[in-house]
Amino acid sequence: MQIRQIIRKLWEEKPLALILFLGILFRLIAVIFSKGFAFHDDEFLVLDPAGSWVDGFDYNSWLGGRPEMNNAPEGPSLFFPGLHYLILYYLKWRGMVDPQHKMYVIRALMALWSFITIVVGYKIANLYGGKKVARQAGLLLSILWFMPMLSVRNLVEMFCIPPLLIATWLAVNPERKEKLSTYFWMGILCGIAINTRFQTAMFSAGFGLILLFRKNWKHLFIFCLMVAATFFAVQGIVDLFIWGKPLAEFRAYIAYNMTNAHNYPNGPWYNYFLVLAGILVPPVSLFLMFGFFRSWKKYTVLFLPAFLFFAFHSAFPNKQERFILPMIPFVIILGCIGWNEFIASSKYWQRHQRLLKGCWTFFWILNFIALPVVSTMYSKRTRVESMYYLYQQKDLQNYMVEESFRDDVTQLPYFYANRWNFHPVEINNKKSLSDAYIAHKYDKNPLFHPNYVLFFGTDKIDQRVAAFKKVFPTTTYQTTITPSYIDILVWKLNPVNRNETVYIYKFNDMVVNLPDSVTKKQ
């Protein structure tokens, strides 16, 4: 009873402290237990490049240092991977080598960064809606079912949210919104967001349009100047140093996306309406969306930048769920403000308070069922643990990936093996074991000869292992890496997600039993 009274008192007197405590608790759980990576980009476009730079390699030739490959700008911003490079460089300098230990630190830093979203979101909601609305919005930003898990991921879509929210707070804060310095800092913050995720330029466009409509010419000039200066300070100078011309990566990014817009998951124009309605959990998601769109005119500073971002992604063919993440806090904040203003004047909802309470109760029940499950999910476990197992093998030279039932093989995160000079042998439908062996047998460096093999998937696993042993008789079983519960669920929902069991074997490639036809080819 005493604990309940303490919580109730905190909720009434210091709600932000209680909200932050819950945010810390579940983010700490996610830091410890939510290993792996959520999407392709947060691993292979952030972590692996940064890790390779620290060890003196250029994992995907982004630094222009391999002229023999005739490599050119590919389009990614190096700002966010660059921040990870600095973190990983410091950790290496401090003697931290184990990849999983490094990730505890990175997840903790991402979690700390996400607290800005909670605090600033609470302050904005409190400014326009008072304590009740601020508590509602703050709680959603803190412990909405996916927030802790995504907050510890090194995703550009999550990292860009705090500077956008701080810029918004500066624009609406009564004590600052008329000061010229406000728009100086807003420009820098928006420039940081753009350097992190190019598409957030739509937020800057929204702020700029508001200043244009208000004819605040000085504010508009300072804001645009600082956005451009901050953006160019990163993209221009870095690209000039690497490629000899400013904004080379940015131009390549635009060209790539225009060319490949239809080569990724596409959807109808209303796709992101469905995404918002789903991940924010109905019926509350419908309340929030209604409140967000209803308030467009009264709270233009909160609405227009986020709406332009939303409209851009709705119009662009390439539609992936994570793209919309930067606007979700704005939907939550303005949605809570607008919805509470609506129900205060709605005769229907004034007569149906029990129904409204029931909707929110249903929402929070579902949320608290999903929250601990998602906050502890180990995403892409088999890929990560396979590489981490190889990292722990002191005799590792190189490895094979056997997926002979597919046309290609699964991409693996080198970061967790702490090695970048791999030449993995791939075995699939298009490349037989014999062909793969011939291609790599005569590597000039015998230390690169593979001595471990990873069998992905349970499909005909006994026959595949038996066929492998015919060529490499010394093959011996080492361990089995199983997918996490969430990986199994995602795989069953969509088999495109390759989250399968991995069987790891060790062999001696110097003891080989090749067919005569293969021997003649050699």
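For reference, positions follow the sequence shown, starting with 1. Reckoned from all heavy atoms, side chains included, excluding hydrogens, waters and symmetry mates.
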TODO: Evaluate ring-ring contact (aromatic ring centres under 6.0 Å, His included) for Tyr299 paired with Tyr128, printing each intermediate quantity in order.
DONE: CA-CA 9 Å; Tyr299 304 107; Tyr128 287 127; 4.8 Å; yes
Quick one: closest heavy-atom pair of [X] and [Y], and the distance?
{"X": "Ser142", "Y": "Met147", "result": "O-CB, 4.2 Å"}
{"X": "Tyr122", "Y": "Pro15", "result": "OH-CG, 3.1 Å"}
{"X": "Met103", "Y": "Leu47", "result": "SD-CD2, 3.4 Å"}
{"X": "Tyr253", "Y": "Pro76", "result": "CD1-N, 4.5 Å"}
{"X": "Val227", "Y": "Ile194", "result": "CG1-CD1, 3.8 Å"}
{"X": "Ile332", "Y": "Ala137", "result": "CG2-O, 3.9 Å"}

Do any N or O atoms from the side chain of [X] and from the backbone of [Y] form a donor-acceptor pair under 3.5 angstrom?
{"X": "Asn428", "Y": "Glu403", "answer": "no"}
{"X": "Lys380", "Y": "Ala38", "answer": "yes"}
{"X": "Asp239", "Y": "Pro246", "answer": "no"}
{"X": "Trp145", "Y": "Ile279", "answer": "yes"}
{"X": "Thr479", "Y": "Ile504", "answer": "no"}
{"X": "Ser484", "Y": "Asp487", "answer": "yes"}
{"X": "Asn173", "Y": "Trp169", "answer": "no"}
{"X": "Asn195", "Y": "Val234", "answer": "no"}
{"X": "Thr230", "Y": "Gly191", "answer": "no"}
{"X": "Ser114", "Y": "Ala111", "answer": "yes"}

Drop me the distance from [X]'s [atom1] to [Y]'s [atom2], to the nearest 0.5 angstrom.
{"X": "Leu170", "Y": "Ile188", "atom1": "CG", "atom2": "CD1", "answer": "10.5 Å"}
{"X": "Tyr503", "Y": "Glu402", "atom1": "OH", "atom2": "CD", "answer": "12.5 Å"}
{"X": "Ile19", "Y": "Lys14", "atom1": "CD1", "atom2": "NZ", "answer": "14.0 Å"}
{"X": "Trp420", "Y": "Tyr414", "atom1": "CH2", "atom2": "OH", "answer": "9.5 Å"}
{"X": "Ser151", "Y": "Ile143", "atom1": "OG", "atom2": "CD1", "answer": "12.0 Å"}
{"X": "Leu144", "Y": "Leu280", "atom1": "CG", "atom2": "CG", "answer": "6.0 Å"}

Task: Ring geometry between Phe231 and Phe198 (parallel below 30°, tilted from 30 to 60°, perpendicular above 60°) - done: perpendicular
TODO: Could you check whether the rings of Phe80 and Phe159 sit parallel, tilted or perpendicular, using 30° and 60° as the cut-offs?
DONE: tilted
Open item on the list: Under the criterion side-chain contact (heavy atoms from CB on, under 4.5 Å), I'd like the reasoning laid out for Val409 against Ile427: C-alpha separation, chi angles, the key distance, then a yes or no.
Closed with: CA-CA 7 Å; Val409 297; Ile427 303 166; over 6 Å; no
Open item on the list: Could you go through Leu22 and Leu139, starting from their C-alpha distance and side-chain angles, then the distance that decides it, and tell me whether this counts as side-chain contact (heavy atoms from CB on, under 4.5 Å)?
Closed with: CA-CA 8 Å; Leu22 291 172; Leu139 204 57; 3.9 Å; yes
Task: Side-chain ion pair, Arg406 and Glu500, N-O less than 4.0 Å - done: yes
Open item on the list: Less than 4.0 angstrom from a charged side-chain N to a carboxylate O is my criterion; do Arg322 and Asp41 meet it?
Closed with: yes
TODO: Please check if the distance between the ring centroids of Tyr378 and Tyr485 is under 6.0 Å.
DONE: no
Open item on the list: Check for me whether the distance between the ring centres of Phe44 and Phe37 falls short of 6.0 Å.
Closed with: yes
Open item on the list: Test side-chain hydrogen bond (donor to acceptor under 3.5 Å, both in side chains) on His219 and Glu178; report intermediate values, then the result.
Closed with: CA-CA 9 Å; His219 295 166; Glu178 298 303 326; 5.2 Å; no
Side-chain heavy atoms of [X] within contact of [Y], under 4.5 Å:
{"X": "Met387", "Y": "Arg419", "answer": "no"}
{"X": "Val384", "Y": "Gln100", "answer": "yes"}
{"X": "Phe207", "Y": "Tyr183", "answer": "no"}
{"X": "Leu276", "Y": "Ile328", "answer": "yes"}
{"X": "Asp48", "Y": "Glu43", "answer": "yes"}
{"X": "Val46", "Y": "Tyr85", "answer": "no"}
{"X": "Arg197", "Y": "Phe323", "answer": "yes"}
{"X": "Leu454", "Y": "Leu412", "answer": "yes"}

Residues, nucleotides or ligands: over 12 heavy atoms within 6.0 Å of [X] [atom1]:
{"X": "Tyr89", "atom1": "OH", "result": "no"}
{"X": "Phe368", "atom1": "CZ", "result": "yes"}
{"X": "Trp113", "atom1": "CH2", "result": "yes"}

Open item on the list: I need the full list of salt bridge (Lys or Arg N to Asp or Glu O under 4.0 Å) pairs touching residues 86-102, with sequence neighbours left out, sorted by first then second residue.
Closed with: Asp55-Lys92
TODO: Would you list the pairs meeting salt bridge (Lys or Arg N to Asp or Glu O under 4.0 Å) in which at least one residue belongs to residues 255-265, sequence neighbours left out?
DONE: none
Task: Test log, rule side-chain contact (heavy atoms from CB on, under 4.5 Å), inputs Phe415 and Leu88 - done: CA-CA 11 Å; Phe415 174 83; Leu88 293 171; 4.0 Å; yes
Would you mind writing out the side-chain donor-acceptor pairs for residues 302-320 within the sub-3.5 Å range, not counting sequence neighbours?
unit_1, atom_1, unit_2, atom_2, d
Ser314, OG, Phe310, O, 2.9
Asn318, OD1, Gln320, NE2, 3.3
Lys319, NZ, Gly267, O, 3.4
Lys319, NZ, Ser314, O, 3.0
Lys319, NZ, Phe316, O, 2.7

Open item on the list: Using the rule given for side-chain contact (heavy atoms from CB on, under 4.5 Å), can you reason through Thr410 versus Arg383, listing the C-alpha separation, both sets of side-chain angles and the distance that settles it, and then say yes or no?
Closed with: CA-CA 8 Å; Thr410 302; Arg383 302 191 211 181; 3.6 Å; yes
Task: Candidate pair Arg153 and Ser34, rule side-chain hydrogen bond (donor to acceptor under 3.5 Å, both in side chains), full reasoning - done: CA-CA 9 Å; Arg153 294 281 177 260; Ser34 189; 2.7 Å; yes
Task: Audit row: Ser77, Glu249, side-chain hydrogen bond (donor to acceptor under 3.5 Å, both in side chains) steps and yes/no - done: CA-CA 7 Å; Ser77 169; Glu249 293 285 7; over 6 Å; no
TODO: Before giving the answer on side-chain hydrogen bond (donor to acceptor under 3.5 Å, both in side chains), spell out for Tyr264 and Asn257 the whole-Å C-alpha distance, their side-chain angles and the decisive distance to 0.1 Å.
DONE: CA-CA 10 Å; Tyr264 290 91; Asn257 279 277; over 6 Å; no
